[in-house]
Amino acid sequence: MKIAVCIKQVPEGDARLVIDADGISIADADLATEINESDQYALESGLRLAESQGGEVVVVCLGPDRAEEAIRRALAMGAGRAIHLNDPAFQGGDAAATARALAAAIERENVDLVLTGLQSDDAGWAQTGPILAARLGWPSATLIMEIEPEGDTIKVKRELEAGWFQWVRLPLPALLTIQSGISTVRYATLKGIMGAKKKEIAKVTPADIGLAPDEVGGAGRKTRTTRLYVPEKTTGAEIIEGDTATAVATLVEKLQKEAKVL
Amino acid sequence: MAGAIWAITESGDDGLKSISFEVIACGQALAEALGSSLEAVVMAADGSAAAEALGAKRVDAVRVIEDAALAPYTPDAYTAALAQAIEADSPSLVLFPHTYQARDWVPRLAAEVDAGFISDVIAHRVDGDETVFVRQPYQGKLNSDCVFAGDGPNIVSLQLGAYLADDAAAGDGSAEIVKQPVDLDGAASRTEVLETFQEVADRVDLSRADVIVAVGRGIGKQEQIPIVEELSEALGAQLAASRPVCDNEWLPMDRQIGSSGQTVTPKLYVAVGISGAIQHLVGMKNSGTIVAINKDPNAPVFSVSSYGIVGDLFEIVPELTNQIREAKGTG
Ligand SMILES: Cc1cc2nc3c(=O)[nH]c(=O)nc-3n(C[C@H](O)[C@H](O)[C@H](O)COP(=O)(O)OP(=O)(O)OC[C@H]3O[C@@H](n4cnc5c(N)ncnc54)[C@H](O)[C@@H]3O)c2cc1C
Ligand SMILES: Nc1ncnc2c1ncn2[C@@H]1O[C@H](COP(=O)(O)O)[C@@H](O)[C@H]1O
């Protein structure tokens, strides 16, 4: 089974987000990054399938030079090789533009299965996977919590709302978007990290995958972000100040006398 | 005149979901601001009951796309059906609820009809001739303003609870109910739906708890869970968690609060080291009193809380446990 896994490099969960001078993105300087959480689970699922079914995992990532750090980590975890869509023209895209580029790169790879995360922790579109599937002309299923390969078809468990689930079957090739928590994500071993240095990362430009620069990135997008900002607080908590003991004492008193819940 | 605004509704086993009326409420506001007409859209094998309920609202028409292939839901059939309707009647803007079902097929629809798609929107405003949609990227830590780059068709999905179902104004009953024929014979679904079920075995029912202490990723590792267990015990509370805590198996899955877990409304909800992503908030924001303990003063959880302490949970929680014990005379 040949599997492509799409990974996005995103700011670390705890990273301090500084809005860039352009007013629409996060400043790159000193930004701690990681592989998007659900993409880590997608990668883990891909590696497990390749291990149980035989085959290879190709990591596909669209991002600037710094995204190579995320790609190396994926290779260290066990992916066989990587495709890095890295060109200024790819930058600034929305989900439609990103999915078009990813589709063009994956189309050339003859894979049986594409895995993506269900949603990126930065943009949070929750669109790229299914758009990519539509562009490839393949069926897709989202929010996957279990995968059972069955030869030419694949049986998957979808998460629905409020504790409900659903099993569906899809013919291959297909695309799945993986939900966090599907399995336990492995750590990269020292051996894996050493081995990753020798693995191939193919850097591709729009021309390499048969796209014009204005079909991707900022030029190819259908939506435009005009401003990124810290939300104004409308309602919110009464923040209790003071050293720990004082603040806690105040809180307990308020819970007793004001809220009357103790 | 610009094309109509379509408000796509969603039905479940119990009929029309209430989020459908949130979409109508947003559609009414947009239609008024933009001088467009508004149509409610039903997609179902049998849409008559839903159409009647929607016809009572202030909409210009209810469009019913009815086909046996629309039950059970599959992304292929829904995409094919609505793509045909969009291509036939060119709405300017198509609104959806940002449900799990919408996540599954609406991006495919956007690709199919080559539409722009702004997802998970919490608000809009009309600025001259530009309609701006507000989103919450970076896990709700920041807001962004978003506009469409082309004329359409354009698609927007609305975050659950961002608009109020009660704001969907009633109409005078003049809304016309229009059946929209679609031809799904050539668009057989590739998805075979096997079984839909709820994993209920031994599930802890947190919805009855009066007091809940919920722990998030801020706890760092499983070995530190006892810190919140003690607070929970002191409060006589049930212990609950955000998704990553369950994903990492620090606590069992049935302790999860949120859109994919349980929905709770205790008298007191103490959120410890939880950032407050929307998928968590939908499960707890209607609790009586909410206390948040988080080291990040900008954590979105504070926006739904009654009281907050900004600081290190590893200092605050043990102190809180002690003082609660004293207050309750069990210390
Ligand atoms: C379709 C979908 C469904 C989902 N369903 C759910 C669901 O049902 N329930 C759910 O919870 N999530 C759900 N999620 C995930 C959700 O989007 C968030 O990722 C998740 O809620 C974050 O959990 P958290 O707040 O514990 O972690 P984080 O977002 O990582 O937040 C950790 C917080 O801890 C704070 N912190 C860290 N260290 C300390 C310290 N020492 N002292 C004090 N504070 C500290 C940090 O400031 C931060 O705010 C879902 C996501 C999707 C896309
Ligand atoms: N730049 C990118 N490179 C690789 N994969 C991506 C990229 N952007 C999005 N994806 C994939 O698409 C998923 C959904 O992203 P989004 O539509 O932005 O929420 C992510 O979890 C990734 O798997």
Side-chain angles (χ1 to χ4, degrees), chain A residues 11 13 17 95-96 99 121-127 130-131 133-135 139-143 155 159-171 180-181 221-231 233 235-240 244-245 247-249 251-252 254-256 259 261-262, chain B residues 75-76 100 103-105 107-108 110-112 115-120 137-139 141-150 190-199 243 246-247 259-261 263 267-268 288-289 291-292 298 302-303 305-311 315-316 319-320 323-324 327:
Chain A
L17 302 174
D121 291 338
D122 52 357
W125 294 113
Q127 296 183 25
I131 295 181
R135 289 233 164 251
S140 57
T142 53
L143 283 153
K155 206 176 126 183
E159 181 180 302
L160 308 181
E161 272 132 354
W164 287 81
F165 296 89
Q166 179 180 64
W167 281 102
V168 300
R169 179 179 287 124
L170 304 173
S180 295
R221 71 193 165 192
K222 296 182 174 298
T223 65
R224 197 155 49 82
T225 297
T226 54
R227 194 160 85 94
L228 185 67
Y229 51 100
V230 180
K233 288 195 189 106
T235 54
E238 176 184 336
I239 299 294
I240 299 172
T244 301
V248 167
L251 173 65
V252 171
K254 284 183 184 286
L255 291 178
Q256 284 176 316
V261 287
L262 282 189
Chain B
D76 284 346
Y100 286 21
R103 289 163 174 273
D104 195 55
W105 71 284
R108 294 195 70 111
E112 195 71 35
F117 180 15
I118 302 179
S119 45
D120 210 4
Y138 298 91
Q139 298 260 302
K141 290 186 197 110
L142 296 176
N143 277 11
S144 68
D145 288 350
C146 231
V147 298
F148 287 107
R190 291 165 290 186
T191 307
E192 187 189 342
V193 177
L194 301 170
E195 185 198 350
T196 304
F197 60 100
Q198 200 171 19
E199 280 178 353
R243 178 163 194 129
C246 302
D247 285 351
S259 61
S260 39
T263 299
K267 289 197 197 103
L268 174 62
T289 298
V291 174
N298 294 318
F302 288 120
S303 71
S305 301
S306 336
Y307 305 111
I309 300 185
V310 177
E315 286 177 24
I316 297 162
E319 178 67 26
L320 182 58
Q323 292 203 24
I324 298 273

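Residue numbering restarts at 1 for every chain, and letters A, B, ... go by the order of the sequence lines.
Between the side chain of B:Arg103 and the backbone N or O of A:Leu143, no donor-acceptor pair lies under 3.5 Å. Using modelled atom types, one side-chain atom of B:Gln323 and one backbone atom of A:Ala245 make a donor-acceptor pair closer than 3.5 Å. A distance-only check finds a donor-acceptor pair linking the side chain of A:Glu161 to the backbone of B:Tyr100 [under 3.5 Å].
Here the NZ atom belonging to B:Lys267 is positioned 11.5 Å from the CG atom belonging to A:Leu262, to the nearest 0.5 angstrom. Rounded to the nearest 0.5 angstrom, B:Asp104 CG and A:Thr142 OG1 are separated by 3.0 Å. Here the CG atom belonging to A:Leu170 is positioned 5.0 Å from the OG1 atom belonging to B:Thr191, to the nearest 0.5 angstrom. Atoms CD and CD, on B:Gln198 and A:Gln166 in that order, are 13.5 Å from each other to the nearest 0.5 Å.
Scanning both residues, A:Pro231 and B:Leu142, for their nearest heavy atoms gives CD-CA, 3.9 Å. Contact between A:Ala123 and B:Pro137 at its shortest, heavy atoms only, is O-CB, 4.0 Å. Of all the heavy atoms in B:Gly116 and A:Lys222, the pair that sits closest is CA-CB, 3.5 Å. Taking both residues in full, the closest heavy atoms of A:Thr244 and B:Ile316 are given as CG2-CA, 3.9 Å, listed atom of the first, atom of the second, then distance. When all heavy atoms of A:Trp125 and B:Ile118 are compared, the pair lying nearest together is CZ3-CA, 4.0 Å. Taking every heavy atom of both residues into account, B:Tyr138 and A:Pro11 meet most closely at CE2-CG, 3.8 Å.
Of the listed residues (A:Leu255, A:Leu160, A:Asp121), the one with the most heavy-atom contacts under 4.5 Å to chain B is A:Asp121. Of the listed residues (A:Gly163, A:Ala259, A:Gly124), the one with the most heavy-atom contacts under 4.5 Å to chain B is A:Gly163. Chain B forms more heavy-atom pairs under 4.5 Å with one residue of A:Ala249, A:Ala247, A:Pro139 than with any other, namely A:Pro139. In terms of heavy-atom pairs under 4.5 Å with chain A, the best-connected choice from B:Asp76, B:Leu320, B:Val310 is B:Leu320. For chain A, the option among B:Ala111, B:Gly261, B:Pro75, B:Gly308 with the highest count of heavy-atom pairs below 4.5 Å is B:Gly308. Chosen from B:Cys246, B:Gly311, B:Ala292, B:Ser260, the residue pairing most often with chain A at heavy-atom distances under 4.5 Å is B:Ser260. Of the listed residues (A:Arg221, A:Arg135, A:Lys254), the one with the most heavy-atom contacts under 4.5 Å to chain B is A:Lys254.
Considering only residues two or more places apart in sequence or on other chains, B:Asp145 meets the salt bridge (Lys or Arg N to Asp or Glu O under 4.0 Å) condition with A:Arg227, B:Arg125. Residues forming a salt bridge (Lys or Arg N to Asp or Glu O under 4.0 Å) with A:Arg169 (at least two apart in sequence, or on another chain): A:Glu150, B:Glu192.
Contacts of A:Leu17 with chain B are made by side-chain atoms alone, with heavy-atom separations under 4.5 Å and no backbone atom involved. In this structure, the portion of B:Ser306 lying under 4.5 Å from any heavy atom of chain A is its backbone and not its side chain. Within the 4.5 angstrom heavy-atom criterion, atoms from both the backbone and the side chain of A:Ala126 approach chain B. Interface residue B:Gln139: backbone and side-chain heavy atoms are both found under 4.5 Å from chain A. At a 4.5 Å heavy-atom cutoff, the contact between A:Ile239 and chain B is made by backbone and side-chain atoms alike. For A:Leu251, the part lying near chain B is the side chain, with the backbone staying farther off; criterion is any non-hydrogen pair under 4.5 Å. Residue contact with chain B, scored on non-hydrogen atoms closer than 4.5 Å, is absent for A:Ala95.
A donor atom on one side chain and an acceptor atom on the other are found under 3.5 Å apart for A:Ser140 and B:Arg108. Side-chain contact check for B:Ser119 and A:Gln127: at least one donor-acceptor pair (N or O, by modelled atom type) lies under 3.5 Å.
Side-chain atoms of B:Ile324 and A:Val252, non-hydrogen and from C-beta on, do get closer than 4.5 Å to each other. Two residues are said to be in side-chain contact when any heavy atoms from C-beta on lie closer than 4.5 Å; A:Val168 and B:Leu194 fail this criterion.
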Could you go through the side chain to side chain contact (heavy atoms under 4.5 Å, CB included) check for B:Val147 and A:Thr223 one step at a time?
CA-CA 6 Å; B:Val147 298; A:Thr223 65; over 6 Å; no

